[in-house]
Amino acid sequence: MKKVLITGASGLLGRAIKREFDNDATWKVLGLAYSRAGGDLRRVDLSDVNAVKEVVREFQPDVIVHAAAERRPDIVDKKTDVARQLNVDVSRNLALIAKTFNCFILYVSTDYVFDGCNPPYQPADQPAPLNTYGMLKWQGEKAVLETYPKRSGILRLPILYGEVEYLEESAVTVLLKAIQNGNKPGEMSDYEKRYPTYVGDVAVVIRQISDKTLQDENFYGIWHWSGLEELTKYQMALKIAKAFNIDYKHLVAVNKPSPGAKRPYNSHLDISTLTQLNFGQQTSFQDGIMISLSKFIS
Ligand SMILES: NC(=O)c1ccc[n+]([C@@H]2O[C@H](COP(=O)([O-])OP(=O)(O)OC[C@H]3O[C@@H](n4cnc5c(N)ncnc54)[C@H](OP(=O)(O)O)[C@@H]3O)[C@@H](O)[C@H]2O)c1
């Protein structure tokens, strides 16, 4: 049976990836977590090189999906050394371990490696990150590709949402807080263009990449995946409010760059390399938001 090891399996994307592989009887799955380990998720601190090596030696995966990262740009700015260790050093080490144990490694990356000035971006386009998070994720990409060039993949993704444990877990679902707080003007960015992407759709793509790379040893490199709808955060908020019949007159569109770490204006990813292979599925924002937020609506 094929075996997949998933890092960050307790996270927003990792949970969806694990679900996708768990539902495919041809795959045996081991999910790793850290502070949220428990159930069938094994606790491994990825910065502990020996512990990671031991779990790979024991499980002997065919594919490692590396989804663990520090993905909050403002936290990366504040705790850059910790973020560098997880996003870059751990990624290089995992690639080295994948090489030692002869398995494919897929590194999950971000559209923030681009500056957002010349969309749409092709996988071969030159990254030019605007903030430290984008820079570290790009360094993580390079560390993986340099360490194990012919048996590794990079999958770049834009802003994600899905079945969150708490609203702040996704930059999309957190909008519900301001939407529901009708007593206060809710300022929302109507500036940067985003392509909110449902984690269940990404998980399907990751399973398909994993299957294909085991059938075809020439299948490696950089890929992009993205939702199809272009929306600012303000436009997302209006769609959420309308979907759940919540009054939105208090929402205020802000037409200037968002505060905090600098964000790309429009880092739209071209996904044609994967769609030409008939990879993926597309959940509409309307449907994805209903799935993700219904439990938070009283
Ligand atoms: N979220 C987005 O909008 C977005 C957009 C584009 C790309 N991405 C990329 O997608 C990937 C997944 O993001 P996400 O949103 O699912 O992240 P997330 O929800 O913040 O989850 C991060 C994961 O990393 C694990 N982790 C953190 N430190 C660890 C350590 N020292 N050892 C072991 N595990 C550790 C966490 O485990 P515990 O929680 O158990 O501690 C958690 O499972 C990341 O590579 C990110 O860069 C995310």
Side-chain angles (χ1 to χ4, degrees), residues 5-19 30-49 51-52 55 64-76 79 81-91 93-94 105-114 121 129 131-141 143-144 153-175 192 194-203 205-206 223-227 233 236 263-264 267-269 288 292:
L5 181 76
I6 304 164
T7 73
S10 53
L12 174 62
L13 177 61
R15 295 195 300 271
I17 300 171
K18 182 167 182 304
R19 227 175 7 247
L30 178 59
L32 305 186
Y34 188 42
S35 61
R36 288 180 281 175
D40 59 354
L41 296 184
R42 180 143 358 144
R43 181 188 170 94
V44 174
D45 179 355
L46 293 173
S47 62
D48 181 342
V49 179
V52 179
V55 80
I64 297 174
V65 178
H66 179 32
E70 176 47 71
R71 52 110 196 141
R72 296 161 297 178
D74 296 323
I75 303 290
V76 171
K79 297 185 173 174
D81 287 346
V82 179
R84 180 178 296 108
Q85 189 188 34
L86 182 59
N87 294 3
V88 186
D89 301 348
V90 158
S91 305
N93 181 51
L94 264 174
I105 177 165
L106 182 68
Y107 171 87
V108 179
S109 193
T110 169
D111 60 341
Y112 275 29
V113 300
F114 296 117
Y121 289 95
N131 60 37
T132 313
Y133 166 66
M135 177 59 77
L136 295 184
K137 289 296 289 188
W138 183 31
Q139 288 174 7
E141 289 185 2
V144 170
I154 306 296
L155 180 65
R156 298 192 183 119
L157 306 169
I159 185 171
L160 300 176
Y161 71 98
E163 294 87 331
V164 287
E165 291 177 345
Y166 52 95
L167 290 172
E168 292 84 353
E169 204 182 9
S170 151
V172 175
T173 55
V174 73
L175 298 173
E192 291 97 354
R194 298 284 177 245
Y195 295 81
T197 299
Y198 177 59
V199 288
D201 296 345
V202 177
V205 170
I206 288 179
W223 303 287
H224 288 171
W225 189 256
S226 171
K233 291 230 174 128
M236 290 181 218
R263 263 88 169 158
S267 46
H268 184 200
L269 299 172
S292 309

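For ligands, and for the atoms within them, numbers begin at 1 and follow the listed sequence. From a predicted model like this one, the values you see are computed outputs, not experimental measurements.
Under the ring pair (Phe, Tyr, Trp, His ring centres under 6.0 Å) criterion, Tyr198 pairs with Tyr161, sequence neighbours left out.
No side-chain donor from either of His268 and Ser226 sits under 3.5 Å from a side-chain acceptor of the other.
In this structure, Arg19 does not pair ionically with Asp40, as no charged nitrogen and carboxylate oxygen lie closer than 4.0 Å.
A 4.5 Å side-chain heavy-atom check between Arg194 and Met236 finds at least one atom pair inside the cut-off. Side-chain atoms of Arg71 and Thr110, non-hydrogen and from C-beta on, never get closer than 4.5 Å to each other.
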Ligand 1 N/O to protein N/O, distances under 3.5 Å:
{"from": "ligand 1", "atom 1": "3 (O)", "to": "Leu160", "atom 2": "N", "distance (Å)": "2.9"}
{"from": "ligand 1", "atom 1": "15 (O)", "to": "Arg71", "atom 2": "NE", "distance (Å)": "3.3"}
{"from": "ligand 1", "atom 1": "16 (O)", "to": "Leu12", "atom 2": "N", "distance (Å)": "3.2"}
{"from": "ligand 1", "atom 1": "16 (O)", "to": "Leu13", "atom 2": "N", "distance (Å)": "2.8"}
{"from": "ligand 1", "atom 1": "19 (O)", "to": "Leu12", "atom 2": "N", "distance (Å)": "2.9"}
{"from": "ligand 1", "atom 1": "20 (O)", "to": "Arg71", "atom 2": "NE", "distance (Å)": "3.4"}
{"from": "ligand 1", "atom 1": "31 (N)", "to": "Asp45", "atom 2": "OD1", "distance (Å)": "3.1"}
{"from": "ligand 1", "atom 1": "32 (N)", "to": "Leu46", "atom 2": "N", "distance (Å)": "3.0"}
{"from": "ligand 1", "atom 1": "37 (O)", "to": "Ser10", "atom 2": "OG", "distance (Å)": "3.2"}
{"from": "ligand 1", "atom 1": "39 (O)", "to": "Ser10", "atom 2": "OG", "distance (Å)": "3.4"}
{"from": "ligand 1", "atom 1": "39 (O)", "to": "Arg36", "atom 2": "NE", "distance (Å)": "2.8"}
{"from": "ligand 1", "atom 1": "39 (O)", "to": "Arg36", "atom 2": "NH2", "distance (Å)": "3.0"}
{"from": "ligand 1", "atom 1": "40 (O)", "to": "Ser10", "atom 2": "OG", "distance (Å)": "2.7"}
{"from": "ligand 1", "atom 1": "40 (O)", "to": "Tyr34", "atom 2": "N", "distance (Å)": "2.9"}
{"from": "ligand 1", "atom 1": "40 (O)", "to": "Ser35", "atom 2": "N", "distance (Å)": "3.1"}
{"from": "ligand 1", "atom 1": "40 (O)", "to": "Arg36", "atom 2": "N", "distance (Å)": "2.8"}
{"from": "ligand 1", "atom 1": "41 (O)", "to": "Ser35", "atom 2": "N", "distance (Å)": "2.8"}
{"from": "ligand 1", "atom 1": "41 (O)", "to": "Ser35", "atom 2": "OG", "distance (Å)": "2.7"}
{"from": "ligand 1", "atom 1": "43 (O)", "to": "Gly8", "atom 2": "O", "distance (Å)": "3.3"}
{"from": "ligand 1", "atom 1": "43 (O)", "to": "Ser10", "atom 2": "OG", "distance (Å)": "2.7"}
{"from": "ligand 1", "atom 1": "43 (O)", "to": "Gly11", "atom 2": "N", "distance (Å)": "3.1"}
{"from": "ligand 1", "atom 1": "45 (O)", "to": "Ala67", "atom 2": "O", "distance (Å)": "3.3"}
{"from": "ligand 1", "atom 1": "45 (O)", "to": "Val108", "atom 2": "O", "distance (Å)": "3.3"}
{"from": "ligand 1", "atom 1": "45 (O)", "to": "Lys137", "atom 2": "NZ", "distance (Å)": "2.8"}
{"from": "ligand 1", "atom 1": "47 (O)", "to": "Tyr133", "atom 2": "OH", "distance (Å)": "2.7"}
{"from": "ligand 1", "atom 1": "47 (O)", "to": "Lys137", "atom 2": "NZ", "distance (Å)": "3.1"}

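Summarising the local packing, CZ of Arg36 is surrounded by more than 12 heavy atoms from other residues, nucleotides or ligands at distances under 6.0 Å.
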